[in-house]
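One structure is given here, and the rest of the page talks about it.
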Amino acid sequence: MSGFMSSSTALTICKADSAASLDLDALRQHAFTPEIDADGRRFGWVGLGDPLDTDGFELAAVDARFMGFSFRLDTRKASGAVIRLQLAEAVREEIASGKKVGSKRKKELKEAITAKLTARAEFVPSVIDCLWDAEKGRLLVGATSAKAVQPVLDLFKTTFGMDVTPITPAGDMPKLFAAILRGEGYPCEGYTLHPMGSASLAASEQAEEKAAVAVQNSLNAVAQALEEGMAIQKLHLVATSDADPDRQLEFTLDAGLAVSGLKLPKAEKGAEEDATFLVNADVCTAVADMVEGVGLA
């Protein structure tokens with residue numbers, strides 16, 4: 001499982017309208033509860049990576065700059081196969097009773113069956129990690145799907161009264177990816193970026209007949225795809241620290257500035273949880289700085 005306390009994580013980088021420490025009491029006031037909202041969901045804050053911690057929030061209080069916590073969302077979903085089976089049975093029964101079943105009636109039956117089955121289904125929990133950087137007014141969300149991230153941002157606004165918005169590129173990221181691929185190293189925020197050979201490419205505006213392709217571990221193949229008119233939409237990168245060449249951060253960046261597959265350091269045996277958290281927070285922050293550096297320049 002990915003997350004800020006695991007071996008790898010995703011990142012959506014969000015900027016707030018102000019930089020400030022967050023109120024821990026507000027976090028607790030909006031902690032996860034079993035109450036079901038109007039949309040049939042249960043949600044709220046929990047301790048970082050711990051879906052059962054609705055009061056401790058220890059990693060939200062270990063450092064003046066960084067606060068770690070998670071968003072838990074429980075949803076229910078009926079089985080598609082069961083819905084189709086029960087719909088077929090309901091339609092057959094109505095036809096057998098002499099009723100005419102048109103598309104409108106089928107839709108009504110499907111909606112009723114879906115609502116009934118959903119109400120009986122078990123809740124399935126999901127947890128998304130969050131890292132607040134009070135110094136930079138930046139929220140890092142451990143997911144890349146806009147659908148998954150938006151409920152986190154909505155609750156953040158409700159809890160702390162701050163708007164947070166995912167960053168978006170100021171320039172042409174596929175063009176920048178091509179420059180990184182063809183260059184000898186791209187300097188950024190005290191690191192130098194190099195391509196790792198894996199990329200996702202799609203047709204450029206000049207070559208719309210080309211289909212999207214993925215290339216694994218071959219810089220030459222990526223370069224060839226560029227020559228054929230493709231544009232890089234996602235690029236696997238390694239960032240080497242200028243001050244410490246042994247410090248390397250590996251991640252994949254897409255054209256919308258979402259980060260995936262960010263490798264986190266292996267926790268030292270016997271290390272305290274808060275120490276591991278701060279090490280990982282430093283890595284995530286360094287990558288966020290680089291992404292802002294290349295994407296917002």
Side-chain angles (χ1 to χ4, degrees), residues 1-24 26-28 30-32 43-51 53 56-73 126-146 148-160 162-167 189 239 249-253 257-267 271-293 295:
M1 189 173 91
S2 65
F4 295 156
M5 297 297 284
S6 65
S7 61
S8 67
T9 188
L11 291 179
T12 291
I13 303 163
C14 306
K15 296 291 286 185
D17 50 14
S18 63
S21 296
L22 302 182
D23 184 354
L24 192 57
L27 196 67
R28 290 191 174 102
H30 291 84
F32 176 85
F43 63 90
W45 304 119
V46 294
L48 185 64
D50 185 350
D53 177 9
F57 294 101
E58 292 182 6
L59 295 180
V62 298
D63 187 70
R65 177 179 177 181
F66 296 118
M67 292 181 70
F69 47 93
S70 294
F71 173 78
R72 175 177 166 182
L73 174 65
S126 62
V127 175
I128 297 176
D129 290 350
C130 300
L131 176 65
W132 171 250
D133 184 342
E135 183 178 297
K136 299 200 171 183
R138 184 166 62 193
L139 180 69
L140 304 182
V141 182
T144 57
S145 162
V149 171
Q150 191 57 52
V152 180
L153 306 187
D154 291 342
L155 184 59
F156 191 90
K157 167 70 172 178
T158 300
T159 304
F160 304 110
M162 274 192 278
D163 286 309
V164 281
T165 307
I167 63 172
E189 300 295 328
L249 307 179
E250 189 177 333
F251 59 95
T252 296
L253 181 64
L257 303 185
V259 174
S260 59
L262 169 57
K263 293 188 176 180
L264 298 173
K266 185 176 180 179
E272 296 291 334
E273 188 178 48
D274 56 353
T276 299
F277 165 69
L278 292 175
V279 168
N280 290 355
D282 179 65
V283 169
C284 291
T285 297
V287 171
D289 287 343
M290 283 183 264
V291 173
E292 287 194 24

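Worth saying up front: this structure is predicted, and the values here are computed from it rather than measured.
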Margin query: Rounded at 0.5 Å granularity, tell me how far CG in D63 sits from OG in S21.
Written below: 9.5 Å
Checklist line | L139 vs L153 side-chain heavy atoms within contact, under 4.5 Å | finding: yes
Notebook entry, point to check: Looking at side-chain heavy atoms only, is the closest gap between S6 and N280 below 4.5 Å?
Noted result: no
Checklist line | For the student: nearest non-hydrogen atoms of F251 and A239, plus distance | finding: CE2-CB, 4.3 Å
Item checked: Shortest non-hydrogen separation from L11 to C284 and the atoms involved -> CD1-O, 4.0 Å
Next item on the list: Taking the side chain as every heavy atom from C-beta outward, state whether L22 and L27 have any pair of such atoms under 4.5 Å apart.
Entry: no
Next item on the list: Just do the side chain to side chain contact (heavy atoms under 4.5 Å, CB included) check on K15 and T165 with the steps written out, would you?
Entry: CA-CA 5 Å; K15 296 291 286 185; T165 307; 5.9 Å; no
Next item on the list: Indicate the atoms forming the closest heavy-atom contact of A60 with L24, along with that distance.
Entry: CB-CD1, 3.8 Å
Note to self: D163: which residues meet the salt bridge (Lys or Arg N to Asp or Glu O under 4.0 Å) condition with it, sequence neighbours left out?
What the structure shows: K157
Checklist line | Non-hydrogen side-chain atoms of V283 and L262 separated by less than 4.5 Å | finding: yes
Next item on the list: May I ask you to decide if the ring planes of F71 and W45 are parallel, tilted or perpendicular, using 30° and 60° as cut-offs?
Entry: perpendicular
Item checked: Approximate separation, where rounding is to 0.5 Å, of L140 CG and C130 SG -> 9.0 Å
Next item on the list: Measure the acute angle between the ring planes of F69 and F160, then classify it against the limits of 30° and 60° as parallel, tilted or perpendicular.
Entry: tilted
Checklist line | Nearest heavy-atom neighbours spanning M162 and S18 | finding: SD-OG, 3.3 Å
Margin query: Looking at S70 and V46, would you say the former's side chain and the latter's main chain have a donor-acceptor pair under 3.5 Å?
Written below: no
Checklist line | Contacts of type ring pair (Phe, Tyr, Trp, His ring centres under 6.0 Å), residue F4, not counting sequence neighbours | finding: none
Next item on the list: Calculate, to the nearest 0.5 Å, the distance between atoms SG and CD1 belonging to C14 and I167 respectively.
Entry: 8.5 Å
Next item on the list: Please tell me if the side chains of T9 and D129 come closer than 4.5 Å, counting only heavy atoms from C-beta onward.
Entry: no
Margin query: Show every salt bridge (charged side-chain N to carboxylate O under 4.0 Å, His left out) that has at least one partner inside residues 271-283, sequence neighbours left out.
Written below: R247-D282
Next item on the list: Specify the closest pair of heavy atoms between V164 and A16, including all atoms of both residues, with the distance to one decimal.
Entry: CG1-CB, 3.5 Å
Check: How many angstroms lie between CG in L59 and CZ in F66, if you round to the nearest 0.5 Å?
Finding: 13.0 Å
Item checked: Pairs involving residues 132-143, ordered by first then second residue, that meet side chain to side chain donor-acceptor pair (under 3.5 Å) (sequence neighbours left out) -> R65-D133, K136-D289, R138-D289, R138-E292
Checklist line | side chain to side chain contact (heavy atoms under 4.5 Å, CB included) evaluation trace for M290 with L249 | finding: CA-CA 11 Å; M290 283 183 264; L249 307 179; 3.8 Å; yes
Next item on the list: Output all residues satisfying salt bridge (Lys or Arg N to Asp or Glu O under 4.0 Å) with E250, sequence neighbours left out; order by chain, then residue number.
Entry: K263
Check: How long is the gap from CD1 on I13 to OG1 on T285, to the nearest 0.5 Å?
Finding: 10.0 Å
Notebook entry, point to check: Which atoms form the tightest heavy-atom contact between F277 and M67, and what is the distance?
Noted result: CZ-C, 4.0 Å
Item checked: salt bridge (Lys or Arg N to Asp or Glu O under 4.0 Å) involving D50 - partner list, sequence neighbours excluded -> none
Check: Is there a donor-acceptor pair closer than 3.5 Å between any side-chain N or O of T12 and the backbone N or O of A143?
Finding: yes
Next item on the list: Quick one: pull up CZ in F43 and CD1 in I128 and give me the separation to the nearest 0.5 Å.
Entry: 12.5 Å
